[in-house]
Amino acid sequence: MSGKTVLIVDENQATRAYLANILRERLFDILEAGSGKEALISAWRDQPDLILFDPNFSDLSELEFIHKLRQNARTEKTPLIAFASDPSPARREACLNAGANEYIVKASGAILRLNQALERIFGGEAPAGESPQGGSSRGKGLLFTFLSAKGGTGTSSLCANIAMTIQEQHPEARVVVVDLVLPIGSIAQIVGYEGEQNIVAVANLSARELSGDYLIKNLPQPELWKFHLLAGSYDPHQAGNLRVERIGPIVDILRASFDFVILDLGRSLSRISLPLIQQADLIPLIVATDLSTVRLTKTVWEYLSEQGIDAPNVYGILNRAVGLEGLTKAEAEQIIGFPIKTTLPYMGSNFTLANNLNQPIITKYPKDTAAIVFKTTAEEMVKLARQLRARAGLN
Ligand SMILES: Nc1ncnc2c1ncn2[C@@H]1O[C@H](COP(=O)(O)OP(=O)(O)OP(=O)(O)O)[C@@H](O)[C@H]1O
Ligand SMILES: [Mg+2]
């Protein structure tokens, strides 16, 4: 379990030292805090992999402490173990309800229970970042490559919304979205991220700096969207400086440290995108309902097929992005030659409004048919990708 950091929070210095010794033997890196407020600062700044705390602070209530951690994107998923002197069931229940993962009473057998809890939380998981070539024992994350034959079909909007829905349905999983549309990405705009961290910056990191741990800690997790984002280039000038040869290794590192790696490739079929499509577990292909896009999609599909892509890996999504008119699903399938798995209804100006407000559809319009389609589609995509992976493993 080396490479993971535990923040130990206890007002008693001797208890901290005692726990630190035990955890260091298990090869954890240790941070310490002697008060609730100090612990919050360290939790948000250092982003430890686990927080072990005595829920008895003189400067904060334990519920306030847990709520604050859970409400902040940087610590909303950090495992929290309460290590408490108070054996009362009410205290225990309150902590667990507030979002603590475990409540262990400081009594005989406590260290055994702590070890069991660590096993449950980190069990069998290789430390992220130690295997930049992707050979980690946590297995390779599932790779989804969103693609379309034409611009403006809703690829980026669907990519962001489906990724968010997958993250929502699998809160324990790590999901990352990578915007590889050149020269200007658009996912950052959709989710409302305005920072500088993006594919060009990450591709410029040295091999030593670039690790799974680095990406987990440094990629933003936009509010409401919850997934990690590796944003695209923000202008053509910057895109010109992208070290494209680093994209393959970056995706490998992401797959070693995230459970779902979701790429927006837009309409690009190139030297860069083809090898990514070839290793994808699932290729969501977004189709619009106008005849010219459907015909172009057929051309793209024929090309992919020549490049060794199997039809079951392609996940056709018909998106009515421009209105109700256009071809039916059956007509589109007939022309393209592969099944369309799901159809997203036309949402009028609501989709653009949600995008402009940086809100996911399932949050903004939870009752809309589109929200239901996003949920069933996300579920089905994950299930299908896992089946395809299992089948590929048998060959
Ligand atoms: N089902 C839908 N109903 C209504 N509007 C939609 C729907 N899907 C997408 N849109 C709108 O279509 C526009 C284009 O979407 P988006 O930018 O996601 O497409 P894209 O294929 O990624 O385009 P680009 O080629 O620019 O990358 C957006 O304004 C979005 O709000
Ligand atoms: Mg796009």
Side-chain angles (χ1 to χ4, degrees), residues 144-165 177-193 198-199 222 224-225 227 229-236 239 242 262-270 272-273 276-277 283-290 292-297 299-301 315-329 332 340-378:
F144 294 1
T145 54
F146 278 76
L147 190 68
S148 62
K150 222 178 171 184
T153 50
T155 311
S156 303
S157 304
L158 266 49
C159 178
N161 275 281
I162 289 172
M164 181 272 174
T165 311
V177 172
V178 187
D179 188 340
L180 289 175
V181 176
L182 295 170
I184 305 177
S186 64
I187 305 268
Q189 253 177 43
I190 293 173
V191 304
Y193 172 65
N198 71 6
I199 185 76
L224 298 179
W225 299 82
F227 54 67
L229 173 67
L230 181 45
S233 154
Y234 46 77
D235 69 32
L242 174 61
I262 300 181
L263 312 183
D264 180 7
L265 297 176
R267 55 173 151 163
S268 92
L269 266 181
S270 66
I272 306 167
S273 62
L276 300 172
I277 298 169
I283 305 157
L285 185 52
I286 317 303
V287 187
T289 50
D290 63 287
S292 82
T293 303
V294 172
R295 285 198 176 129
L296 261 178
T297 307
T299 309
V300 166
W301 162 235
Y315 190 90
I317 303 179
L318 192 69
N319 183 28
R320 298 195 178 277
V322 288
L324 297 171
E325 64 278 7
L327 303 180
T328 63
K329 168 171 163 312
I340 302 247
K341 294 283 176 42
T342 187
T343 304
L344 263 159
Y346 177 54
M347 291 190 69
S349 56
N350 282 353
F351 210 127
T352 308
L353 182 63
N355 281 353
N356 290 343
L357 295 171
N358 310 126
Q359 293 200 22
I361 297 297
I362 67 168
T363 315
K364 174 95 176 106
Y365 302 106
K367 300 229 166 70
D368 196 288
T369 316
I372 296 156
V373 176
F374 275 124
K375 287 183 185 168
T376 50
T377 301

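All ligand and atom numbering here is 1-based and tracks the order in the structure.
- Listed by number with element, the atoms of ligand 1 under 4.0 Å from a non-hydrogen atom of Asn355 are 30 (C), 31 (O).
- Checked by atom type and distance alone, the side chain of Asn358 pairs as donor or acceptor with a backbone atom of Ile190 at under 3.5 Å.
- Residues Pro284 and Lys341 are not in side-chain contact: their nearest non-hydrogen atoms beyond the backbone lie 4.5 Å or more apart.
- Among all non-hydrogen protein atoms, the one lying nearest atom 18 (O) of ligand 1 is Ser157 OG, 2.5 Å.
- Here the heavy atom of the protein found nearest to atom 3 (N) of ligand 1 is Met347 N, 2.9 Å.
- Leu182 and Ala239 get closest at one heavy-atom pair: CD2-CB, 4.0 Å.
- The protein atom (non-hydrogen) at minimum distance from atom 14 (C) of ligand 1 is Gly152 O, 4.2 Å.
- Those atoms of ligand 1 with a heavy atom of Thr155 less than 4.0 angstrom away are 18 (O), 19 (O), 20 (P), 21 (O), 22 (O).
- Side-chain contact between Tyr234 and Ile184: absent, with no pair of heavy atoms (C-beta onward) separated by less than 4.5 Å.
- Of all protein heavy atoms, the one lying nearest to atom 19 (O) of ligand 1 is Gly154 N, 2.9 Å.
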Criterion side chain to side chain contact (heavy atoms under 4.5 Å, CB included) on Leu180 and Ile272, from CA distance to verdict | CA-CA 9 Å; Leu180 289 175; Ile272 306 167; 5.7 Å; no
Intermediate values then yes/no, side-chain hydrogen bond (donor to acceptor under 3.5 Å, both in side chains), Asn355 and Thr352 = CA-CA 5 Å; Asn355 281 353; Thr352 308; 5.7 Å; no
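- Heavy-atom contacts of Gly151 reach the following atoms of ligand 1: 25 (O) (cutoff under 4.0 Å).
- For ligand 1, the atoms closer than 4.0 angstrom to any heavy atom of Arg320 are 1 (N), 2 (C), 3 (N).
- Checking Pro345, Ala321, Ala288 against atom 10 (N) of ligand 1, the nearest heavy atom belongs to Ala321.
- Here the shortest heavy-atom pairing between Gln359 and Lys364 reads OE1-CD, 3.4 Å.
- Among all heavy-atom pairs drawn from Ile187 and Asp179, the shortest one is N-OD2, 3.0 Å.
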Please report the C-alpha distance between Thr153 and Asn319 in whole Å, then the side-chain angles of each, then the deciding distance to 0.1 Å, and finally whether the side-chain hydrogen bond (donor to acceptor under 3.5 Å, both in side chains) criterion is met.
-> CA-CA 7 Å; Thr153 50; Asn319 183 28; over 6 Å; no
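- For atom 27 (O) of ligand 1, the nearest protein heavy atom (residue, atom name, distance) is Ser156 OG, 4.0 Å.
- Contact atoms of ligand 1 toward Thr352: 29 (O), 30 (C), 31 (O) (distance under 4.0 Å to a heavy atom of the residue).
- Residue Gly348 has at least one heavy-atom neighbour below 4.0 Å for each of these atoms of ligand 1: 4 (C), 5 (N).
- Residue Met347 comes nearest to Ala370 through the heavy atom pair SD-CB, 3.4 Å, listed as atom of the first residue, atom of the second, then distance.
- Take the Mg ion (ligand 2) and draw a sphere of radius 2.8 Å; the protein N/O/S atoms inside it number 1.
- In this structure, atom 1 (N) of ligand 1 lies nearest to the protein heavy atom Asn319 OD1, 2.8 Å.
- Closest approach of Ala332 to Ile340, counting heavy atoms only: CB-CD1, 4.3 Å.
- Close contacts between ligand 1 and Tyr346 involve ligand atoms 3 (N), 4 (C) [criterion: under 4.0 Å to a heavy atom].
- Heavy atoms from other residues, nucleotides or ligands lying under 6.0 Å from CZ of Arg267 number 12 at most.
- Of the residues listed (Thr155, Ile277, Val178), the one engaging Leu265 in a side-chain contact (heavy atoms from CB on, under 4.5 Å) is Ile277, and it is the only one.
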